[in-house]
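To start, the structure under review is shown below, and the notes come after it.
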Amino acid sequence: MRLHVVTFGCQMALAEGEELAAPLKARGFTTVDAPEDADAVVLNTCTVRENAEHKALSLIGRLKEWKDARPERVLIVAGCAAERLGDSLRKRFPHVDLVVGAKSIEDYPRVVDEALSARFDALAEGRQAFGADETAVPVGWGSAVSAHVTVMRGCNYSCSYCIVPSVRGRELYRSWDAVLAESAAKVAAGARELVLLGQTVNSWREGDKRFPDLLRAVGALPGLLRLRFESPHPFFMNDDMARAMAETPAARGLLHVPLQSGSDRVLALMKRHYTGAQFLEKAARLRAFLPEIELSTDIIVGFPSETEADFERTLELVAAFKPAWSYTFKYSPREGTEAARTPDDVPAAVKEARLARLNALCDALTADALKARVGTVVEALDEQGGFGRTADGFKISWTGTRAPGRLVKVRVSHAGPRTLRGEAI
């Protein structure tokens, strides 16, 4: 039997794709690249961005033909959009066999086993009847060199634009022992980089232990070369976290820090619980502990009531912050959020113009960071044989020695719009 998993959304969703596949693999499924080759399809949906949700719904609709061709096939829809839409998904798409919301992912293996055990038995019989070839090579989940470890789920904040607390619930923390055990197992299996994941990952705690303690413990695992975590909330970005990163060689190079806006007025409307000045101060403290660190960020333009003065303040703060790269978005209302109850009053053309101006600034900052590395020697983790990332997160390719899973010294000879090139030395 064959399985195809489609994930929409963030790295957290990618990591959960592995969890969603696990109980099916335990039943003997192997993974394939295309849904038309699969007996079961799992869609891990996202609802944070409207476009991601629309793409998932469109794919569910297109899979009706796939299902009709062989009704014994299994279609499972999971994740954030499944949580938000719930029963309306079943009514709109009756060909879906199982809907599992994001809040139920911890209980997902049992749900799958109970709800679809009879269907899986019929599916196995159907495979034999069709005489299908079961020799397909399983497809890996992401890079064998880099692996994700979920440390917490949910969010205790209520950012006015964000649907995550509604679809994922309040914060739940995996235990210290569980995180360390999974981390150690993935390193033992060949991972040389781990990415700790959570909606507000640096809020993790257990008893007297806090996220900096967890960071040090995971970072001390023998064989681990790189350690990252996403996405931290600025509220928990303090000296203890910065000190732990500085004391953990694997974790020194890169941090993604969501800004969202440079306007204090808009930040208050967003319920981000910091001002632009406080954000810059936190970034300065991080850089004081970690002079070599690169920071990246998220920014939203066109939030309800955003004025030209608000947007200019965002440009000013981004220029002062100097992120190595940025993920920029036009605001779109998400049903069920506080912001969606206020008028989306920034015209689409204004949003487009502001996004273009912001992207021009962010692209220039990224270009400066890339060009600054030309002529230098950087250390890259080889992920795919001649391609990988520097410690501070830049993509790089090189000629010469290629050994996935190892650190390579590369002399940078060229900087493109998004990547570096060089030669191994």
Interatomic distance, [X] atom [atom1] to [Y] atom [atom2] [nearest 0.5 angstrom]:
| X | Y | atom1 | atom2 | result |
| --- | --- | --- | --- | --- |
| I300 | L259 | CD1 | CG | 9.5 Å |
| I76 | L20 | CD1 | CG | 8.0 Å |
| N238 | N202 | CG | CG | 8.0 Å |
| L355 | T328 | CG | OG1 | 4.5 Å |
| I299 | T314 | CD1 | OG1 | 7.5 Å |
| C155 | L172 | SG | CG | 11.5 Å |

Using the test side-chain hydrogen bond (donor to acceptor under 3.5 Å, both in side chains), find all partners of R341 that sit at least two apart in sequence or belong to another chain.
->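 R341 satisfies side-chain hydrogen bond (donor to acceptor under 3.5 Å, both in side chains) with no residue once adjacent residues are dropped.
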Using the test side-chain hydrogen bond (donor to acceptor under 3.5 Å, both in side chains), find all partners of S183 that sit at least two apart in sequence or belong to another chain.
->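 Testing S183 for side-chain hydrogen bond (donor to acceptor under 3.5 Å, both in side chains), a comparison that skips the adjacent residues, returns none.
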All side chain to side chain contact (heavy atoms under 4.5 Å, CB included) counterparts of A340, not counting sequence neighbours | P333, T337
Excluding sequence neighbours, so at least two apart, what forms side chain to side chain contact (heavy atoms under 4.5 Å, CB included) with P323?
->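 For P323 the side chain to side chain contact (heavy atoms under 4.5 Å, CB included) partners, ignoring immediate neighbours, are T297, V318, F321, S326, L365.
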Exam field: side chain [X] to backbone [Y], donor-acceptor pair closer than 3.5 Å:
| X | Y | result |
| --- | --- | --- |
| K282 | M237 | yes |
| H95 | I60 | yes |
| D39 | R2 | yes |
| S58 | H54 | no |
| T390 | E379 | no |
| S88 | L85 | yes |
| S263 | V266 | yes |
| D382 | A403 | yes |
| N359 | L361 | no |
| N156 | E171 | yes |

For a 4.5 angstrom cut-off between non-hydrogen side-chain atoms, does [X] reach [Y]?
| X | Y | answer |
| --- | --- | --- |
| D368 | K322 | no |
| W66 | L75 | yes |
| M241 | L255 | yes |
| Y173 | S203 | yes |
| H148 | E182 | no |
| R272 | C159 | yes |

So R92 and L57, side-chain contact (heavy atoms from CB on, under 4.5 Å) or not? Walk me through it.
-> CA-CA 10 Å; R92 181 175 175 182; L57 295 177; 3.6 Å; yes
Scan [range] for pairs that pass ring-ring contact (aromatic ring centres under 6.0 Å, His included), counting only residues two or more places apart or in two chains.
| range | answer |
| --- | --- |
| residues 369-411 | W325-F394 |
| residues 222-270 | Y157-H233, F211-F229, H256-Y327 |
| residues 329-384 | F303-Y331 |

Identify whether the distance between the nearest side-chain nitrogen and carboxylate oxygen of R90 and D87 falls below 4.0 Å.
->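 Counted as a salt bridge, because a side-chain N and a carboxylate O are separated by less than 4.0 Å.
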Could you tell me whether the side chains of D177 and S175 share a donor-acceptor contact shorter than 3.5 Å?
->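 Absent: no donor and acceptor within the cut-off.
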Residue pairs involving [range] (criterion salt bridge (Lys or Arg N to Asp or Glu O under 4.0 Å); sequence neighbours excluded):
| range | answer |
| --- | --- |
| residues 327-338 | E53-R334, R84-E335, K271-E338, K330-E352 |
| residues 410-425 | D363-R418 |
| residues 285-302 | D239-R285, E294-R373 |

Looking at [X] and [Y], what are the two nearest heavy atoms and their distance?
| X | Y | result |
| --- | --- | --- |
| P234 | F279 | CG-CE1, 4.1 Å |
| Q278 | Y274 | OE1-CA, 3.2 Å |
| P304 | P343 | CB-O, 3.4 Å |
| L89 | A81 | CD1-O, 4.4 Å |
| A320 | L280 | CB-CD1, 4.1 Å |
| P35 | V41 | CB-CG2, 4.1 Å |

Count the heavy atoms belonging to other residues, nucleotides or ligands that lie under 6.0 Å from CZ of R243, then report whether that count exceeds 12.
->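 It does: R243 CZ has more than 12 such atoms within range.
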CA sep, side-chain torsions, deciding dist, call: L227, M245, side-chain contact (heavy atoms from CB on, under 4.5 Å) | CA-CA 9 Å; L227 178 60; M245 294 178 69; over 6 Å; no
Could you go through the salt bridge (charged side-chain N to carboxylate O under 4.0 Å, His left out) check for E306 and R313 one step at a time?
-> CA-CA 11 Å; E306 182 188 68; R313 181 56 185 148; over 6 Å; no
Side chain to side chain contact (heavy atoms under 4.5 Å, CB included) with I396: which of L370, L381, V408, V412?
->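 So the option named by the test is V412.
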Determine all donor-acceptor pairs shorter than 3.5 Å in which one atom belongs to a side chain in residues 188-198; sequence neighbours excluded.
| residue | atom | partner | partner atom | Å |
| --- | --- | --- | --- | --- |
| R192 | NH1 | V187 | O | 3.1 |
| E193 | OE1 | S146 | OG | 2.6 |
| E193 | OE2 | R228 | NE | 3.1 |

Restricting to pairs with a member in residues 207-224, which pass side-chain hydrogen bond (donor to acceptor under 3.5 Å, both in side chains), not counting sequence neighbours?
->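 Residue pairs passing side-chain hydrogen bond (donor to acceptor under 3.5 Å, both in side chains), neighbours aside: R216-E247.
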Let me see the working for L180 and V218 under side-chain contact (heavy atoms from CB on, under 4.5 Å), right down to the final yes or no.
-> CA-CA 6 Å; L180 288 183; V218 175; 3.6 Å; yes
When you look at L43 and L63, which way does the side-chain contact (heavy atoms from CB on, under 4.5 Å) test go after all the steps?
-> CA-CA 11 Å; L43 267 62; L63 284 171; 3.8 Å; yes
